[in-house]
Amino acid sequence: MATKPKLLILGANGQVGFELKRAMALHGVVTVADRARADFTQPDALANYVVSVSPDVIINAAAYTAVDKAESDVETAHLVNASAVGKLADVAKQLDALLIHYSTDYVFAGTGNLPYQESDPIAPANVYGQTKAEGEVAIRQAGCKHLIFRTSWVYGVHGGNFLKTMLRLAKERESLSVVADQIGAPTSAALIADVTAMVVHQYMQADPTSFSYGIYHLVPSGQTNWHAYAKLAIQTALHAGWPVKVDPDNIQPIPTSAYPVPAKRPAWSVMSNQKLAHTFGLTLPDWQSQVTETTRLIVELAK
């Protein structure tokens, strides 16, 4: 593209949206929209808004992510994660814009023992996963230029997430119990945004008729469980000066069955990132370095 592209970031106030505003700033003329401007519970109004902006690239970081609440709020979860996404894809097709959309490990059954490939069959085990899967299907059926990035266990310095919850509890309690039989890869919102920016840059330099559109797994390398993840974060925070009450060695591993929640969680959420790495020539970091870096940043910002 000879001129700077028009980039539209939807869901700009969420964890990923917050980081996208930083990462995309130098890659085009950026318009950001939060729920007040682009409401995914109003798909027609959303579509009209996107048409009014007429972007070259639409980056959708908006989603219904309350996994447990979705079990009883099926209609809203479906409206936001599937119906509105389908409408967005139709608009992208109409505008000949690239649609970048974020999906989840929850589209898989979570019963395997090998890293999921992009081509593996999906079989969501809860309402949230089902609605995200329907959103993926709607994008593909619309026939727009698209990149669907599946990610997992998202955290960051902005918004609420598991990492920040653990750091807060570590200040308040002398013992913690954390699930240890769910396996996956914690993914930082900053990594998601930075990879998105790198891929958008490649898209802007490429022939759009031969670009490698499709589904990619955007996760760091390696795998862990929630217990080991929490332990690393709290150890890192302790060394960085966070006022920790709990001894990291006092964090007890527990089974999923000991922490009942409305939505079934996948036991296996490991996804291969090799397609993304090879297609776009990216070296993806390990999950430990990302958790360590973000934890230190959270501690530093709190001082």
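- Test His217, Arg150, Glu136 against Ser103 for side chain to side chain donor-acceptor pair (under 3.5 Å) and you get one pass: Glu136.
- The number of heavy atoms from other shown groups lying within 6.0 Å of NZ (Lys164) is above 12.
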Test side chain to side chain contact (heavy atoms under 4.5 Å, CB included) applied to Phe40 and Tyr64, step by step = CA-CA 9 Å; Phe40 276 64; Tyr64 185 109; over 6 Å; no
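- Taking the six-membered ring wherever Trp is involved, the centroid distance between the rings of Phe280 and Phe211 falls below 6.0 Å.
- Panel note: side chain Gln223, backbone Ile183; no donor-acceptor pair is recorded below 3.5 Å.
- Residue pairs meeting the salt bridge (charged side-chain N to carboxylate O under 4.0 Å, His left out) criterion with at least one partner in residues 184-204, sequence neighbours excluded, are Arg22-Asp194.
- To the nearest 0.5 Å, the span separating CG on Leu218 from CG on Leu284 amounts to 6.5 Å.
- Grouping the Ile, Leu, Val, Met, Phe, Trp and Tyr side chains by contacts below 4.5 angstrom, directly or via other members, places Leu301 with Trp242.
- Atom OH in Tyr155 sits 4.5 Å away from atom OG in Ser188 (nearest 0.5 Å).
- The OG1 atom of Thr224 sits 12.0 Å away from the CD atom of Gln182 when rounded to the nearest 0.5 Å.
- Annotation for Lys21: atom NZ counts as buried by contact number, over 12 foreign heavy atoms lying within 6.0 Å.
- A side chain to side chain contact (heavy atoms under 4.5 Å, CB included) with Leu163 is found for one member of Val154, Val157, Leu232, Ile298 and no other, namely Ile298.
- Hydrophobic clustering (side-chain heavy atoms under 4.5 Å, transitive across Ile, Leu, Val, Met, Phe, Trp, Tyr) groups Val85 together with Val53.
- Going from atom CD of Gln117 over to atom CG of Asn273 covers 10.0 Å, rounded to the nearest 0.5 Å.
- Between Lys132 and Asp105 there is no salt bridge, since none of the side-chain N atoms of the basic residue sits less than 4.0 Å from a carboxylate O of the acidic one.
- Between the CD atom of Glu19 and the OG1 atom of Thr196 there is a distance of 11.0 Å, given to the nearest 0.5 Å.
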task = Apply the test side-chain hydrogen bond (donor to acceptor under 3.5 Å, both in side chains) to residues Ser175 and Asn250: give CA-CA distance (whole Å), side-chain angles for both, the deciding distance (0.1 Å), then the verdict.
result = CA-CA 6 Å; Ser175 66; Asn250 244 4; over 6 Å; no
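- Inter-residue side-chain proximity for Asn225 and Val179 is flagged as unmet; no heavy-atom pair is nearer than 4.5 Å.
- Around atom NE2 of His201, no more than 12 heavy atoms belonging to other residues, nucleotides or ligands sit under 6.0 Å away.
- Ring-plane geometry between Tyr229 and Phe162 is classed as tilted, the angle between the planes lying from 30 to 60 degrees on a 0 to 90 degree scale.
- In the hydrophobic clustering of ILVMFWY residues, with side-chain heavy atoms under 4.5 Å counting as a link, Val200 and Leu282 come out together.
- Surrounding CZ of Arg168 are more than 12 heavy atoms belonging to other residues, nucleotides or ligands, all under 6.0 Å away.
- Within a 6.0 Å sphere centred on CD of Glu75, heavy atoms belonging to other residues, nucleotides or ligands number 12 at most.
- More than 12 heavy atoms of other residues, nucleotides or ligands lie within 6.0 Å of NZ in Lys275, so this atom counts as buried by the packing criterion.
- Separation of atoms CG (Leu98) and NZ (Lys145) is listed at 6.5 Å; rounding is to 0.5 Å.
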